Amino acid sequence: MLQNPAFRTPVGISIGAIAGALSRYYLGLWFTQLFGTEFPYSTLIINVSGCFVMGFFTTLALGRFIAIHPDIRLLVTTGFLGSYTTFSTYELDTAKLFQQRNLEVDLVYWLSSTVLALSSLLLGNALAEFIRIKEES
């Protein structure tokens, strides 16, 4: 049964999604305890860290630096990171801040999420490339 990709692939993605969702949930609770609820730090931190891991992992896996089975790539990217990162929650948090008519805080959150997430993805790419170059030399 696990030899059949039509079965194996969705099972792998589902396993990754369960792990990602639970990681997001428990880390979200922990960050909320640490930082409070005035600003959506948990969503910001989870999105930024997820972008870093996505950049790092895809650069290593798709750059042919390390051989990773396509099912494992899907488990990590589509499954785990797809449910770990919280873009829909990010948008909900942005809308809540906007509704509170605190435009300065909303703008800081909106811009910091975008800039930090993109920067984290690029940093993950760069770190993976650095490791690849070190291993090749």
Side-chain angles (χ1 to χ4, degrees):
M1 192 147 80
L2 287 177
Q3 301 297 349
N4 183 353
F7 177 78
R8 184 181 62 236
T9 300
V11 167
I13 291 170
S14 299
I15 290 169
I18 291 168
L22 290 173
S23 296
R24 180 183 74 221
Y25 175 73
Y26 287 112
L27 283 172
L29 290 177
W30 184 57
F31 290 137
T32 299
Q33 286 178 338
L34 283 176
F35 302 117
T37 59
E38 287 295 311
F39 187 84
Y41 287 106
S42 62
T43 304
L44 176 63
I45 293 167
I46 288 167
N47 283 338
V48 169
S49 64
C51 286
F52 174 81
V53 173
M54 181 70 83
F56 184 79
F57 181 79
T58 57
T59 298
L60 288 179
L62 301 178
R64 309 284 187 259
F65 176 59
I66 54 175
I68 296 178
H69 192 278
D71 289 338
I72 300 300
R73 286 195 306 248
L74 287 172
L75 182 148
V76 172
T77 58
T78 303
F80 181 83
L81 292 172
S83 66
Y84 173 74
T85 57
T86 54
F87 195 75
S88 58
T89 305
Y90 155 72
E91 289 298 337
L92 180 62
D93 289 339
T94 301
K96 284 179 184 176
L97 290 171
F98 184 75
Q99 290 169 349
Q100 293 170 359
R101 306 223 187 269
N102 193 343
L103 295 179
E104 294 84 16
V105 172
D106 192 29
L107 186 61
V108 166
Y109 180 62
W110 180 69
L111 284 173
S112 63
S113 291
T114 304
V115 171
L116 290 172
L118 178 59
S119 298
S120 291
L121 185 110
L122 295 174
L123 181 62
N125 287 345
L127 180 60
E129 280 297 317
F130 176 78
I131 292 170
R132 182 185 63 79
I133 290 168
K134 282 289 194 191
E135 289 293 320
E136 288 178 355
S137 55

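Keep in mind it's a predicted model, so treat the numbers as computed, not measured.
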Those residues that, when tested against L75, pass side chain to side chain contact (heavy atoms under 4.5 Å, CB included) (two or more places apart): I15
Tested for side chain to side chain contact (heavy atoms under 4.5 Å, CB included) against F52, the lone hit among L122, L127, N125, L121 is L127
After noting the C-alpha distance and the side-chain angles of N47 and T85, does the key distance pass the side-chain hydrogen bond (donor to acceptor under 3.5 Å, both in side chains) rule? CA-CA 5 Å; N47 283 338; T85 57; 4.8 Å; no
Minimum heavy-atom distance Q3-R8, with the two atoms named: O-NH1, 3.1 Å
Kindly work out whether a path of hydrophobic side-chain contacts (I/L/V/M/F/W/Y, heavy atoms less than 4.5 Å apart) joins L123 to V115. no
About how many Å separate CD1 of I68 and CG of L74, when rounded to the nearest 0.5 Å? 11.5 Å
Taking OH in Y41 as the centre, count heavy atoms belonging to other residues, nucleotides or ligands within less than 6.0 Å. Is the count above 12? no
Evaluate whether atom CD of E38 has more than 12 neighbouring non-hydrogen atoms of other residues, nucleotides or ligands under 6.0 angstrom away. no
Determine, using the 4.5 Å side-chain heavy-atom cutoff (strictly less than), whether Y25 and V53 are members of one ILVMFWY cluster. no
Within the structure provided, determine whether L60 and F56 are in side-chain contact (heavy-atom separation under 4.5 Å). yes
Check P10 against S14 and note the closest heavy-atom contact, atom names and distance. O-OG, 2.7 Å
Once you round to the nearest 0.5 Å, how far does CG of L27 lie from OG1 of T43? 11.5 Å
In short, S49 meets Y84 closest at the heavy-atom pair OG-OH, 2.8 Å
Residues, nucleotides or ligands: over 12 heavy atoms within 6.0 Å of F130 CZ: no
Heavy-atom closest pair (A21 atom, S83 atom, distance to 0.1 Å) is N-OG, 3.1 Å
Nearest 0.5 Å, please: how far is CZ in R24 from CG in L29? 11.0 Å
Restricting to pairs with a member in residues 96-126, which pass ring pair (Phe, Tyr, Trp, His ring centres under 6.0 Å), not counting sequence neighbours? F39-Y109, Y90-Y109
May I ask you to test the L97-P40 pair for a side-chain heavy-atom distance under 4.5 Å? yes
Just jot down the side-chain hydrogen bond (donor to acceptor under 3.5 Å, both in side chains) partners of D106, sequence neighbours excluded, or say none. none
Got a second to check how far D71's CG is from H69's NE2, nearest 0.5 Å? 5.0 Å
Is R132 salt-bridged to E129, cutoff N-O under 4.0 Å? yes
Supply the atom-to-atom distance S112 OG to L107 CG, rounded to the nearest 0.5 angstrom. 9.0 Å
What distance separates Q99 CD from T94 OG1, expressed to the nearest 0.5 Å? 11.0 Å
Of all the heavy-atom pairs spanning C51 and A117, show the shortest one and how long it is. CB-O, 3.2 Å
So if you build clusters from Ile, Leu, Val, Met, Phe, Trp, Tyr with side-chain heavy-atom gaps below 4.5 Å, do I45 and W30 land together? yes
With a 4.5 Å cut-off on side-chain heavy-atom distances among I, L, V, M, F, W and Y, is there a chain of contacts connecting I46 to L81? yes
Joint hydrophobic cluster, V48 plus L111, side-chain heavy atoms closer than 4.5 Å: yes
Which pair of heavy atoms, one from F80 and one from S23, lies closest together, and at what distance? CE1-OG, 3.6 Å
